[in-house]
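Please read the structure below before turning to the comments.
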Amino acid sequence: MQRLINFQKGRSSDRLQREITSLDVRLQHFDSSMQVTAWHREALAQLQQAKSFLDKHDVEGGWYCYQAAHRLLISGLSAEELRYEATALKEEGDKLTGWRRQAIEVVLGDLNQINFKRLTLATKLRDEYYANQYHKILLTSDQLVILCSISALAIVAGLAALFFLPKYDDALAARTLTAVAFFGILGSAFSVGQSIIGMANSTKIPEYVANLWVTLMRSLFGAVSGVAGYMFYTSQIVRFTLGDDHNRLPVALSVAFIFGYAGEKLINKIVESATSARNER
């Protein structure tokens, strides 16, 4: 699981490394009068810090410093180049959502009167938007990798229980209960996967959703829900209308999956309500 996460982050690191190298070459080719300016020295320092973050496998930190270094290049643009950059940024702003889109339009204002301070601020707003999107993508992908690993282990363990544990025809046999527990995990994992994918399209990321340990516990809660649902079914507290010709084990596993899914949804709603109430205080 960790190898899959590291592989994905390795591709992001390679992309950042290429951007850092390109900007480094660009900075080195400024004439001597530019290389002694404060903004040029700061850009080199930011770029060096980006390399340091990259060496520590902190891609987000590297991108943050790289973007800061890239924004400093605005100080070296001519008036005509400022207008060109501002025009392109204004067009690009149409793709953004939320308050930053309107803020960029306000900050840029009249493009014929643009200056490097306004363009720098507008560019920073654009960079912050993409940094947030990148952060959400990383959170989503990391958790989906973990969720897929949990689901794969649950499938293997559930099938192993069905094929290798003693096949006693008893509602409380270890074979049945073990398979039920793992199918409950599958149901909750499916529910968690839906909420994580939905998180990627939201404007805000709740902390309880973004936390990897919470994702793990939400998935494992399905084992409890699945077994509880199976007990309701076995005790006939909850009655199901079935056909005359049915196999009890497939029904039990289906019940476990459904209760695992529904149980996780219920827990998610409770946590959402508790979190909203805390934020309103």
Side-chain angles (χ1 to χ4, degrees), residues 8-141 200-205:
Q8 179 189 12
K9 291 183 177 179
R11 292 190 300 175
S12 299
S13 298
D14 292 341
R15 178 171 175 262
L16 176 57
Q17 181 62 66
R18 291 191 294 269
E19 296 289 346
I20 289 175
T21 301
S22 176
L23 184 56
D24 195 13
V25 170
R26 186 176 176 183
L27 286 170
Q28 297 300 333
H29 279 75
F30 277 90
D31 58 43
S32 56
S33 63
M34 287 289 189
Q35 292 186 12
V36 297
T37 58
W39 68 263
H40 192 277
R41 292 195 299 270
E42 184 181 349
L44 287 175
Q46 289 281 6
L47 205 58
Q48 186 60 42
Q49 190 60 48
K51 295 176 183 178
S52 177
F53 276 123
L54 191 57
D55 291 339
K56 298 175 184 177
H57 307 290
D58 185 353
V59 179
E60 282 192 82
W63 274 112
Y64 185 87
C65 291
Y66 165 80
Q67 289 174 338
H70 196 272
R71 287 195 300 270
L72 287 164
L73 294 182
I74 295 174
S75 299
L77 298 178
S78 65
E80 185 178 15
E81 289 172 331
L82 284 174
R83 287 196 299 272
Y84 290 153
E85 291 289 337
T87 300
L89 181 57
K90 190 170 184 178
E91 293 296 324
E92 184 180 3
D94 292 338
K95 299 188 298 182
L96 309 186
T97 58
W99 64 269
R100 286 187 176 86
R101 176 176 179 175
Q102 288 75 27
I104 288 175
E105 293 182 1
V106 173
V107 171
L108 289 177
D110 185 1
L111 299 187
N112 292 321
Q113 303 296 325
I114 193 69
N115 57 50
F116 78 93
K117 289 184 179 180
R118 285 162 51 194
L119 182 56
T120 299
L121 177 56
T123 303
K124 184 178 181 181
L125 291 170
R126 188 271 314 272
D127 291 343
E128 288 175 348
Y129 174 84
Y130 287 123
N132 289 342
Q133 297 301 312
Y134 180 75
H135 182 63
K136 287 196 292 186
I137 291 172
L138 281 182
L139 287 177
T140 303
S141 59
N201 298 321
S202 63
T203 56
K204 295 182 179 179
I205 307 176

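Side-chain atoms are counted along with the backbone in the values below, which use heavy atoms only and exclude waters and symmetry mates.
Distance OH/Tyr129 to CD/Glu92: 10.5 Å, rounded to 0.5 Å. Atoms CH2 and CD, on Trp99 and Gln102 in that order, are 10.5 Å from each other to the nearest 0.5 Å. The structure places CD1 of Ile74 at 12.0 Å from NZ of Lys124, a figure rounded to the nearest 0.5 Å. The CD atom of Glu128 sits 7.5 Å away from the CG atom of Asn132 when rounded to the nearest 0.5 Å.
At a threshold of 4.5 Å between non-hydrogen side-chain atoms, the residues Ile114 and Lys90 do not count as touching. Side-chain contact between Leu23 and Leu73 is present, with at least one heavy-atom pair separated by less than 4.5 Å. For the pair Thr37/Phe30, no side-chain contact is recorded, criterion being any heavy-atom separation below 4.5 Å from C-beta on. Between Gln67 and Thr123, every side-chain heavy-atom pair lies at or beyond the 4.5 Å cut-off.
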Practice item. List the steps and the verdict of side chain to side chain contact (heavy atoms under 4.5 Å, CB included) for Arg101 and Asp94. Key: CA-CA 7 Å; Arg101 176 176 179 175; Asp94 292 338; 4.1 Å; yes
Practice item. Report the C-alpha separation of Met34 and Asp31 in whole Å, then their side-chain angles, then the decisive distance to 0.1 Å, and conclude whether the side chain to side chain contact (heavy atoms under 4.5 Å, CB included) test is met. Key: CA-CA 6 Å; Met34 287 289 189; Asp31 58 43; 3.4 Å; yes
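Checked against Trp63 for a side-chain contact (heavy atoms from CB on, under 4.5 Å), the options Asp127, Leu16, Asp58 give a single hit: Leu16. Applying side chain to side chain donor-acceptor pair (under 3.5 Å) to Asp24 and the options His29, Gln48, Lys51 leaves one that passes, Lys51. Applying the side-chain contact (heavy atoms from CB on, under 4.5 Å) test between Leu119 and each of Leu89, Val107, Leu111 identifies Leu89 as the sole match.
Taking the six-membered ring wherever Trp is involved, the centroid distance between the rings of Trp39 and Phe116 does not fall below 6.0 Å.
Within a 6.0 Å sphere centred on OH of Tyr64, heavy atoms belonging to other residues, nucleotides or ligands number 12 at most. The neighbour count for Tyr84 OH, taken as heavy atoms of other residues, nucleotides or ligands under 6.0 Å away, does not exceed 12.
Minimum heavy-atom separation, Leu27 to His40: O-NE2, 2.9 Å. The two residues Leu125 and Arg100 have their closest heavy-atom pair at O-CD, 3.2 Å. Closest heavy-atom contact between Thr120 and Arg71: O-CD, 3.9 Å. Considering all non-hydrogen atoms of both residues, Arg26 and His70 come closest at NH1-NE2, 4.1 Å. The two residues Ala69 and Ala43 make their nearest non-hydrogen contact at CB-O, 3.5 Å. The two residues Gly62 and Ala50 make their nearest non-hydrogen contact at O-CB, 3.5 Å.
For the side chain to side chain contact (heavy atoms under 4.5 Å, CB included) test, no residue two or more places apart in sequence or in another chain qualifies with Asp55. The side chain to side chain contact (heavy atoms under 4.5 Å, CB included) search around Ser78 returns Glu80, Glu81, not counting sequence neighbours.
Under a 3.5 Å cut-off, the side chain of Arg118 and the backbone N or O of Gln113 do form a donor-acceptor pair.
Side-chain contact annotation: Thr21 with Gln17, donor-acceptor N/O pair under 3.5 Å present.
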